[in-house]
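Here is the structure we will look at, set down as structure tokens.
For the numbers below, each heavy atom of this structure counts, side chains included, while hydrogens, waters and symmetry mates do not.
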Amino acid sequence: MFSVPVPRTGAATEQGATEASVPTVLVTSRPPRYRVDYVDQLIGDDSEGRAPKDVVLEFRTDPFRARGADVIHLTDISSVLGDRSARDRTRRAKRFIRLLRRRRIALVRTLRGEEANGPDSRAEVIVDGAAAAVLALHPTTAADGRSARVVAHSHMRDRFLGFPRQESVPGRVLITAVTTLHPTCRAALTVFGLADLPAWTLRVAGKVPVEHEAAYMRTLADHPDSMSLRDELLSDASCVSEVSQAEIVIVGAAEAYESQSILMLALSLDRPVLVEDTEQTRSLAEEVGPSWVRRHSGPLTADELEKTLASFRADPPTGRPNLESRAPNLISAQYRAVYRAAAAAR
């Protein structure tokens, strides 16, 4: 069973270490829990007592309440800027930077894939400009113009040891989400309904957004024999069950963080994925094996889906995907190296 070190609170340090040698990092997130989340990347796997322990991690959603921290890891910039007017966001950004300087706290910022698609605001430029390091799951550029440092998403092979797994259901295509289904899932549902795929069925598992419920129900009602829906927030055990029963998993919006989690979950359970062809997904295919990462050009169409599934049937993947470079403790160590460097440079 995968396990994580117990997160610390306060400014405690590892036994036998001094406060100067073990920086305290405030992560702007809820503590790790029994559902896949970004903060799992920072913790590592302590099932054999080998997770990195050279940094003390604290978890708090309000970065303005940071006390005793050497570094703040901003995992979601909205925790600083909020959901307000541009003027208010800029004011909060400046207030946050003043807090960092006054308390001599270094800033590490994670740039999420969703942010890369929109224009950079003045508030984001202010925050990114003050960061000692800007991190991302794939190559992208921060608001202040510098390239983000890439720390890849870890695999989850050991996280689910002991979880019941199901046999793959021949012909089952899965669309799923750890929490709420991404808007692109609705388009994939429509595409499957238009495609001529008599040997395939579609399973959708995850919470349907309220604004899309009617559209989902109409499409499912039109295809009762080839489509099924599990409309709920999935536990880790439910995710494992659903993914393990799939023959292939469709993942939309591959650069979004949650999509990255689904990609790694599927590959960790030895299930191939179908994603849009991008520089990032091409790199992933080269890393893990092209037969495990099937790609389509541009938005998914019925014709593209038919061709991809026919090709997949004719040449299915063998062995296991290569995920060696994404071991949880290797990824955790990369984050901690960034923290230590940021703390030392204050």
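- Annotation for P317 and W292: closest pair CB-CE2, 3.5 Å, computed over non-hydrogen atoms.
- Between R313 and E247 there is a salt bridge, since a side-chain N of the basic residue sits under 4.0 Å from a carboxylate O of the acidic one.
- In this structure, A69 and L26 approach most closely via the heavy-atom pair CB-CB, 4.1 Å.
- Within 6.0 Å of CG in D83 there are 12 or fewer heavy atoms belonging to other residues, nucleotides or ligands.
- Residue E211 qualifies as enclosed at atom CD: its count of foreign heavy atoms under 6.0 Å is above 12.
- No continuous path of ILVMFWY side-chain contacts below 4.5 Å connects L100 to Y339, so the two sit in separate hydrophobic clusters.
- A donor-acceptor pair under 3.5 Å is absent between the side-chain atoms of R295 and the main chain of A285, judged by distance alone.
- With hydrogens and angles ignored, the 3.5 Å screen pairs no side-chain donor or acceptor of R104 with any backbone N or O of R101.
- Remark: of the listed residues R92, R84, R91, R91 is the sole one forming a side-chain hydrogen bond (donor to acceptor under 3.5 Å, both in side chains) with D88.
- The minimum heavy-atom distance between R103 and R65, with the atom names listed, is NH1-C, 4.4 Å.
- S268 places no side-chain N or O within donor-acceptor distance of the main-chain N or O of H155, the cut-off being under 3.5 Å.
- When all heavy atoms of E124 and I77 are compared, the pair lying nearest together is CG-CD1, 3.9 Å.
- Across every non-hydrogen atom of M227 and L189, the tightest pair is CE-O, 3.5 Å.
- Counting heavy-atom neighbours within 6.0 Å of R165 CZ, excluding the residue itself, gives a total above 12.
- Panel note: side chain S332, backbone P328; no donor-acceptor pair is recorded below 3.5 Å.
- One N or O on the side chain of E258 and one on the backbone of V178 form a donor-acceptor pair closer than 3.5 Å.
- The pair R159-D40 counts as a salt bridge, with a side-chain nitrogen and a carboxylate oxygen less than 4.0 angstrom apart.
- In the hydrophobic clustering of ILVMFWY residues, with side-chain heavy atoms under 4.5 Å counting as a link, I105 and F59 come out apart.
- Here CG of D76 is found 7.5 Å from CG of L74. Values are rounded to the nearest 0.5 Å.
- Listed for the Q245 side chain is a donor-acceptor partner under 3.5 Å among the backbone atoms of S241.
- Cation-pi contact between R95 and F64: present, with separation from the ring centre below 6.0 Å and deviation from the ring axis of at most 45°.
- Between the side chains of D303 and T301, not a single donor N or O lies within less than 3.5 Å of an accepting N or O.
- Of all the heavy atoms in A51 and D46, the pair that sits closest is N-OD1, 3.1 Å.
- Side-chain heavy atoms closer than 4.5 Å link hydrophobic residues (I, L, V, M, F, W, Y) into clusters, and following such links, even through other members, never connects L330 to L284.
- Within 6.0 Å of atom CZ in R282, more than 12 heavy atoms from other residues, nucleotides or ligands are found, so the atom counts as buried in its surroundings.
- In the hydrophobic cluster analysis, where Ile, Leu, Val, Met, Phe, Trp and Tyr join through side-chain heavy atoms closer than 4.5 angstrom, L234 is grouped apart from Y216.
- Of the charged side-chain nitrogens involved, none lies within less than 4.0 Å of a carboxylate oxygen, so that R146 and D128 do not count as a salt-bridged pair.
- Distance alone, capped at 3.5 Å, is enough to place a donor-acceptor pair between the T176 side chain and the A205 backbone.
- Side chain of S154 to main chain of A327: no donor-acceptor pair is present (N/O by atom type, distance under 3.5 Å, no hydrogens or angles).
- Clustering ILVMFWY residues whenever any of their side-chain heavy atoms sit less than 4.5 angstrom apart, transitively, puts V173 in a cluster other than the one holding I262.
- Using a 4.5 Å heavy-atom threshold, the side chains of Q334 and V150 count as separate.
- At least one donor-acceptor pair closer than 3.5 Å links the side chain of D231 to the backbone N or O of V208.
- At a cut-off of 3.5 Å, with distance as the only test, a side-chain donor of S238 or R230 sits close to an acceptor on the other residue.
- A donor-acceptor contact closer than 3.5 angstrom is absent between the side chains of S259 and E255.
- Side-chain contact between Y335 and L135: present, with at least one pair of heavy atoms (C-beta onward) separated by less than 4.5 Å.
- Distance check, rounded to the nearest 0.5 Å: OG of S29 to CG of L57 gives 11.0 Å.
- Under the 4.5 Å side-chain criterion, counting only non-hydrogen atoms from C-beta, C239 is not in contact with V36.
- Salt-bridge annotation for D45 and R50: absent, with no side-chain N of the basic residue lying under 4.0 Å from a carboxylate O of the acidic one.
- Taken to the nearest 0.5 Å, the CD atom of E287 stands 7.0 Å off from the CG atom of L323.
- Donor-acceptor pairing under 3.5 Å is recorded for the side chains of R203 and S228.
- Between V55 and R340, some side-chain heavy-atom pair lies under the 4.5 Å cut-off.
- Side-chain contact annotation: T110 with Y38, donor-acceptor N/O pair under 3.5 Å present.
- Here H153 pairs with Y257 under the ring-ring contact (aromatic ring centres under 6.0 Å, His included) rule; sequence neighbours left out.
- A heavy-atom distance below 4.5 Å is found between the side chains of R271 and S244.
- The backbone N or O of A343 sits less than 3.5 Å from a side-chain atom of R346, completing a donor-acceptor pair.
- Put simply, the residue from V134, I72, V80, V71 that forms a side-chain contact (heavy atoms from CB on, under 4.5 Å) with L107 is I72.
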